[in-house]
Structures are given as C-alpha cells and as structure tokens.
Number of protein chains: 2
Amino acid sequence: MATIKDIAKAAGVSVTTVSRALNGYSDVNEKTRTKIKEIAEQLQYSPNALARSLVMNKTNTVGLLVSELNRSGVKDNFTFEVMCGINDSLGDLGYDLILFNTNTAKQKKKSYAQLSRERQVEGVIIQGMKKDDPYLKEVIDSNIPSVLIDIEMKGTNVGYVTTDNEFGAQMAMKHLINYGHRNIAMINGSDQALISRKRLKGYKKVLKDAEITFNENYVVDGAFSEQKSEEVALQLLEEHPEITAIFCASDLMAMGVLKAAKKKGFHIPEDLSVVGFDDITLAAYVDPPLTTIAQDKYQIGYEAAKLLIDMLQGKDQRRMKMLDNHLIIRETTAPLQR
Amino acid sequence: MATIKDIAKAAGVSVTTVSRALNGYSDVNEKTRTKIKEIAEQLQYSPNALARSLVMNKTNTVGLLVSELNRSGVKDNFTFEVMCGINDSLGDLGYDLILFNTNTAKQKKKSYAQLSRERQVEGVIIQGMKKDDPYLKEVIDSNIPSVLIDIEMKGTNVGYVTTDNEFGAQMAMKHLINYGHRNIAMINGSDQALISRKRLKGYKKVLKDAEITFNENYVVDGAFSEQKSEEVALQLLEEHPEITAIFCASDLMAMGVLKAAKKKGFHIPEDLSVVGFDDITLAAYVDPPLTTIAQDKYQIGYEAAKLLIDMLQGKDQRRMKMLDNHLIIRETTAPLQR
DNA sequence: TTGTATGCGTTATCAG
DNA sequence: CTGATAACGCATACAA
C-alpha cells in the first residue's frame, strides 16, 4: 500500500516531484525521474484512483444499469453479449465499468441522479428498461450523461443506440412474401417497448407494399414471453387456419410459436413458416433451427459505450446510433405449399 | 453537485454536524437533524462515495475479474448466470461491483495487486481463469482477498467456491450403470482445469464400484470445445463400436458428441446414451434434450460473493464452499438395448 | 528543476 | 450537543 509519500521519502524528494515524475511531466530531471520510477517499482506503487479522481474531478468510470439483472432473463444471452461489447469498448477507451446494483425497491429510496452521483460515474449506460419505468423520466431530467439501449429518447445529455428495427421487420416480412405467403400474422412484444412499435411498423409497411390488407386480428401480444406466445399462437392458429406464416418480434416468442405449432401437429416449415428476431444463441439450436433477424448485440454494446464517451468529450452531436440487422435463413421458413 | 459544505452553509452549522446528522449519530439535536435532512433533500445531496472511501479507507467495492469476457464464450450462459448471482449477493450485502477490464496484453503491464489496489477494491472474485494463467500465481501471492470460482486453491486471503464435481460425475455414471451400460467412455475437458480431474475421478470411482475395468482408451480430451468433441467422439465411436454410453464433462462437449452420433447415423438414446455436465440453457433445447448434471450457476456466484465478504469481515475460516449438483434426466439416456 | 501550500469531500478526534 | 482541525492520497498554482 505504498503511497506517493512513501516514494517521496525514499527518494528524498517532495511528493510534488514524485507526482510529476510519474505522470510524465517534462519539467523534471531525468535522473530524478528514473530514480523515482525505480523506487516506485520496488515499492509496487500504484496510484490510488480514488484520491486522484477526487482531486481531478474525473473518475474514468461509467455505470451500467441493467433492469432486473437477476435469475430471470438469463435465457437469452442478449444482455450478456451487450455487456461484453460495452466492456471491451470501455477497455479500449480507458474507462472502467461499475455495475449498478439496483431493483425496484432500491429505486424508490434513491433517485437516479443520487445513485450516479454517489458513485461519481461520468456517465451511465442503461439497458433493458421498460418505457414505463419511473426511472426513465429521472434519466432524462437528470443532467447525467446517459446512453439508452433500444429506447429512442434524446435529451441534452441523453443519447441512444438501437438497431434498425423497422427495416429488420421489413426484411423478415419480405422474406415471407417472397416465399409466397400472404396470410402472415405477427406476434409482437409489449406496446411499452419502442422496438415493438417499430417492428409493427415494418410489418405493416411490407404488407402495404405487397398490397395485402392489414388485418388487426393477425397481430397479437406475446409480451416477449415464450409461454405467453405459445398460448396466443395456439389461439391464433385455431381461429385463423388460413395463416401460413408468423413473424415474431423476438426469438423467445418464436420458440413459443414453435411449441404451439407442435401441439397442433403442424409440421414446420411445411405447414407454417416462422421468423424470429434477435438471433439469440438458442435460435440455432431449437428444432427446427429458427430463421430470424440477427442483431449484433456485441456491437450494440460496443457502440453504446463509444457514444457515451464521445458525448462526454463533446465529440458527438447526434447522440444516436442505429445499427443494421440482417436476415438469417434457417429452417423454419419455406415457400408456401399450394 | 451539492456537497456537505453547501448544506452546512445553508443550515448555518458546521460540516461536522451535517456529517453526523446525516449518518445517524445520536449526539445531535433532533431539531438540527431534521433541518439538515430537509436541506439535504432540497439540494438533492448525495454523499461522494470517493471522498468517503478515501477517508474511511473502505470502498465497499468488489472487483470481478473474468478471463476473456468477450465475444467468445457467450454461447454458454455460465459466466453470465454466475455474475447475476454475484451481483445480487453483493447488493444484499451493500457492496458494489466493478468489472475489471483486462486481457493478456494488459496483464503484462499491470500486476494483479496493482490492478486491485488502483481501484481500491476490498476484494476480488475471479472467474474462468485457467490453471496456467500467470495471474493465478499473483493472486495467491498478493494479499488481496480473493475468491476463485472452480479453482480449488487456498491461501491466507484466498478462498474458492466450486461444486461437487466428483460426486456430480458419480451421479452421471451411476445413472448410466443403472441403465445397464458397461462400456462407458468419457470426454473430458483439458487437464489444466481442476474440474476435469475431479470429474475423471468420479468416473473412475463408479467404474471401480461396479467392478468394471478402467480402460484408458475410453477417456479422450474434448478441450471443453463442441467442435473438438465432435471430432474425438467420431474417432472414438469408430475405434470402439462396443461403447454404448458417453459421459461428457460439459454440455457443450456433449453437444459435439450428439453431432458426431448424428453423423454416424446413430439414434440417440437408443444407440448411444449421452450425459453432459453444467445444464446450460442450450441443454434443454438440443435435439434430443440433454441428460446432464446441473450446476446451480447463480448460486455459485451468490456464494462466492458471500464468501468474499465473510472473509473480509473475518467471519469465514474455512475459505471454501462446495455446492451440490443434481442429475437432470432428459432424453439422451436410455436403458441399454440388448 | 524542485518544493510549499492548498484543496478535492468526507469522517474522526478532541475540545468546548 | 456542536465546531475547529486534521487527515485520507493525490495534483497543481505558485514560489523559490
């Protein structure tokens, strides 16, 4: 636990000199510097980031706020991959990442600004927050630089990163239309999520372009849940036997549809084509492997961190970043059988 | 950015009094306290954890060091689930978690002790480290309280959390033996991992108990890799057609075996029984669903954090924790066909 | 080129 | 019950 003081004493100089020598200032005798460096090494000195941050008013630390980072939601590795991207990006940029441990109970006790200020983070990346989360308003109102993932909201100090959900949905739908499908249903996530609205928009757009009348009964809410989707899909297929394809706003929901189809004795993809969204790891492993719109989750995280740091440095004025998705054709889609 | 000073000024008292009032000391007039609290609220005050840590010499922060927290290794959610457990546990205990962003290049520049001291963490949890990682020695040598996950090493300030790998392997093997199998192969992970040795030990133990001679040609190295396992399994099944069951030291490797079996036209589980280890999310989704030894990954993380904090508080003398595993029978194992 | 003094925001000691 | 003062480890303006 050697401090700058110990080095100063050992080297017979003042702490000032040590500080400057170690931080590469030019106005220090090279002999002195080498001597100090040697001693520092000997003593296994490493600067106390706390003290430094305190005096410099700069922590080089970013907070990560993940709603409900717990047992649930482990099934899709979305969160984790984003996190890896964030971590790598911050590493490249010389920042550290601190995980905000919070939950609804704690949120009531401490405001967003308090949480952030307490830990003296320079900015925060926020993931998995619902649109109706009370914290969201605080985020916007606070002047803490923040980057939201998949929530398109901007403020003076707030930016976001997302993928092109609308175009992604269009790719999925075009794929189905090209395969001759016309009675295409959609299992969407909750309305609360912006991505749901975007994906619905893409769905409608393609229908319109293909001159297919939009049927609102064809769009049901799967709440981003596998089980819920299984239920609604079962009902949907029951009520509308003419449906030959389903576009799902997430892979997890698509997996629910697959289960529903199996229960009804449907053979996939011959009797029903299914397209998912996300390309979670499971997508390639379910039976049959899922055709889906792949999001580059790692990249989302990487760009989010980059955007945040750019914002901190006043380098980014747009405060948003939209990434491309792409279609992965596996085995849950097939040309329409006549 | 209100500080304790601002409050003191606004309340017309000294900073000392503010500090004590806010920290719940008894020796402060209740009237003064309420007044101070009001002002604090008004000013949206929250204490600067940095300053506090500096003077108290206590950061309430724990570091998490994950080897290669990047794109690779995302396939199994092991790391992530452990992390969730750590996060929750630390939240319960009032600690924060900071992610150490490190890689081999950075490790060369900065020692473990330096890394830890720099960030002033009170302790570190280490996950996914190989036994031959040069950092490991540093961990042991440093006096930084550390908890290793799945590396059974103890030191004055070093403890570990693991699951009962030997017994887990025994359960897997007993299951196969009970099904009548006698020619049971094993695909193990790399020798570098302690868990591999433990699992091998369990494998041998059960063979011995069942009075089956151990055949060293039946044990091959799958390097914890799906692809490598597919290769070695293919060769194994080629050379030893008498084998009717394979115990794999990880689910990922078991998935490789499943692929190999498919290539050979084997029907699972009729022609070959397969047992995995870990119970990663994919295990339930591969075709057919994998019989495996489940580890409670979340719990591993939870206990690791708990152990670390206990160690910090001098509460734990044993410095180790072993968790139970359990067998999950799915559809890759069946009674031996005669 | 080097040293002295000051301050970052907080808590602890001790005197009043 | 309250306040002045020192201290934590470091960086920096200013003086020498």
Side-chain angles (χ1 to χ4, degrees), chain A residues 1-37 39-40 43-61 94 96 113-122, chain B residues 1-37 39-40 43-61 94 96 113-122:
Chain A
M1 301 285 184
T3 75
I4 206 171
K5 243 186 214 165
D6 301 320
I7 301 184
K9 200 175 290 174
V13 296
S14 75
V15 292
T16 312
T17 308
V18 176
S19 174
R20 278 186 302 218
L22 259 28
N23 288 318
Y25 280 60
S26 59
D27 60 350
V28 47
N29 190 304
E30 274 311 317
K31 263 188 188 168
T32 323
R33 189 197 301 278
T34 38
K35 186 176 170 190
I36 290 176
K37 278 199 167 174
I39 296 178
L43 266 48
Q44 296 217 54
Y45 170 78
S46 53
N48 183 328
L50 251 52
R52 178 180 274 166
S53 296
L54 189 59
V55 59
M56 307 237 291
N57 200 25
K58 176 140 181 39
T59 56
N60 271 277
T61 301
D96 271 324
Q114 277 179 324
L115 190 71
S116 308
R117 202 138 54 211
E118 198 164 294
R119 277 306 176 169
Q120 299 290 121
V121 293
E122 296 185 26
Chain B
M1 300 284 182
T3 76
I4 206 171
K5 247 186 210 164
D6 302 320
I7 301 183
K9 201 174 291 174
V13 295
S14 74
V15 292
T16 313
T17 307
V18 175
S19 174
R20 278 185 304 215
L22 261 26
N23 289 317
Y25 280 60
S26 58
D27 60 351
V28 46
N29 189 302
E30 274 313 315
K31 264 190 188 167
T32 322
R33 190 197 302 278
T34 38
K35 186 176 170 190
I36 289 175
K37 277 197 169 174
I39 296 178
L43 266 49
Q44 295 219 55
Y45 170 78
S46 53
N48 183 328
L50 253 53
R52 180 182 273 166
S53 296
L54 188 60
V55 59
M56 306 236 290
N57 200 25
K58 176 139 180 38
T59 56
N60 270 277
T61 301
D96 271 323
Q114 277 179 323
L115 190 71
S116 310
R117 201 138 53 210
E118 197 164 293
R119 277 305 178 168
Q120 298 291 120
V121 294
E122 296 186 26

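Within every chain, numbering begins at 1; the chains are lettered A, B, ... in the order of the sequence lines, protein sequences first and strands thereafter.
Judged purely by distance below 3.5 Å, without hydrogens or angles, the side chains of Ser14(B) and Thr17(B) pair a donor atom with an acceptor atom. Side-chain N/O atoms of Thr32(B) and Arg20(B) include no donor and acceptor closer than 3.5 Å.
A pairwise comparison of heavy atoms in Asp6(B) and Leu43(B) identifies CB-CD2, 4.2 Å as the closest pair.
Atom C1' of nucleotide dG9(D) and atom CE of Met56(B) are separated by 16 Å, given to the nearest angstrom. The distance between atom CG of Leu54(B) and atom C1' of dA11(D), rounded to the nearest whole Å, is 13 Å. Rounded to whole Å, the distance from NZ on Lys5(B) to C1' on dC8(C) is 8 Å. A straight line from CG of Asn48(A) to C1' of dG9(D) spans 6 Å, rounded to a whole angstrom. Put simply, CG on Asn60(B) is 13 Å from P on dT11(C), counting in whole angstrom units. Taking atom CD1 of residue Ile7(A) and atom C1' of nucleotide dG3(C), one finds them 17 Å apart after rounding to whole Å. Here the P atom of nucleotide dT5(D) and the CZ atom of Arg20(B) are 15 Å apart, to the nearest Å. Nucleotide dC10(D) holds its P atom 15 Å from the OH atom of Tyr25(A), rounded to whole Å.
OP1 or OP2 of dA11(D) lies within a sub-4.0 Å distance of a side-chain N or O belonging to Ser19(A). Lys58(A) has no side-chain polar atom (N or O) that falls below the 4.0 Å cut-off from OP1 or OP2 of dC8(C). Between Arg52(B) and the phosphate of dG9(C), there is no side-chain N or O to OP1/OP2 separation shorter than 4.0 Å. In this structure, Thr17(B) reaches the dG3(D) phosphate: one of its side-chain N or O atoms is under 4.0 Å from OP1 or OP2.
Asn57(A) comes within contact range of no nucleotide atom at all, as no heavy-atom separation falls under 4.0 Å. Backbone-only engagement by Val13(B) is indicated by non-hydrogen atom pairs under 4.0 Å involving sugar-phosphate atoms exclusively. In this structure, Thr3(B) reaches the sugar-phosphate backbone alone: every heavy-atom distance under 4.0 Å involves primed, P, OP1 or OP2 atoms, never a base.
Side chain Thr16(A) to base dA11(D): no donor-acceptor pair is found below 3.5 Å.
Around NZ of Lys58(A), the count of heavy atoms belonging to other residues, nucleotides or ligands within 6.0 Å exceeds 12. In this structure, Asn57(A) places its CG atom where only 12 or fewer heavy-atom neighbours from other residues, nucleotides or ligands lie under 6.0 Å away.
Here the CG-OG1 distance, from Asn48(A) to Thr3(A), works out to 9.5 Å after rounding to the nearest 0.5 Å.
In this structure a side-chain-to-backbone donor-acceptor pair under 3.5 Å is missing from Arg117(B) to Tyr45(A).
The residue among Ser14(B) and Ile4(A) whose nearest nucleotide of DNA chain D is located toward the 5' end is Ser14(B).
Within residues 27-37 of chain B, no residue has a heavy atom under 4.0 Å from DNA chain C.
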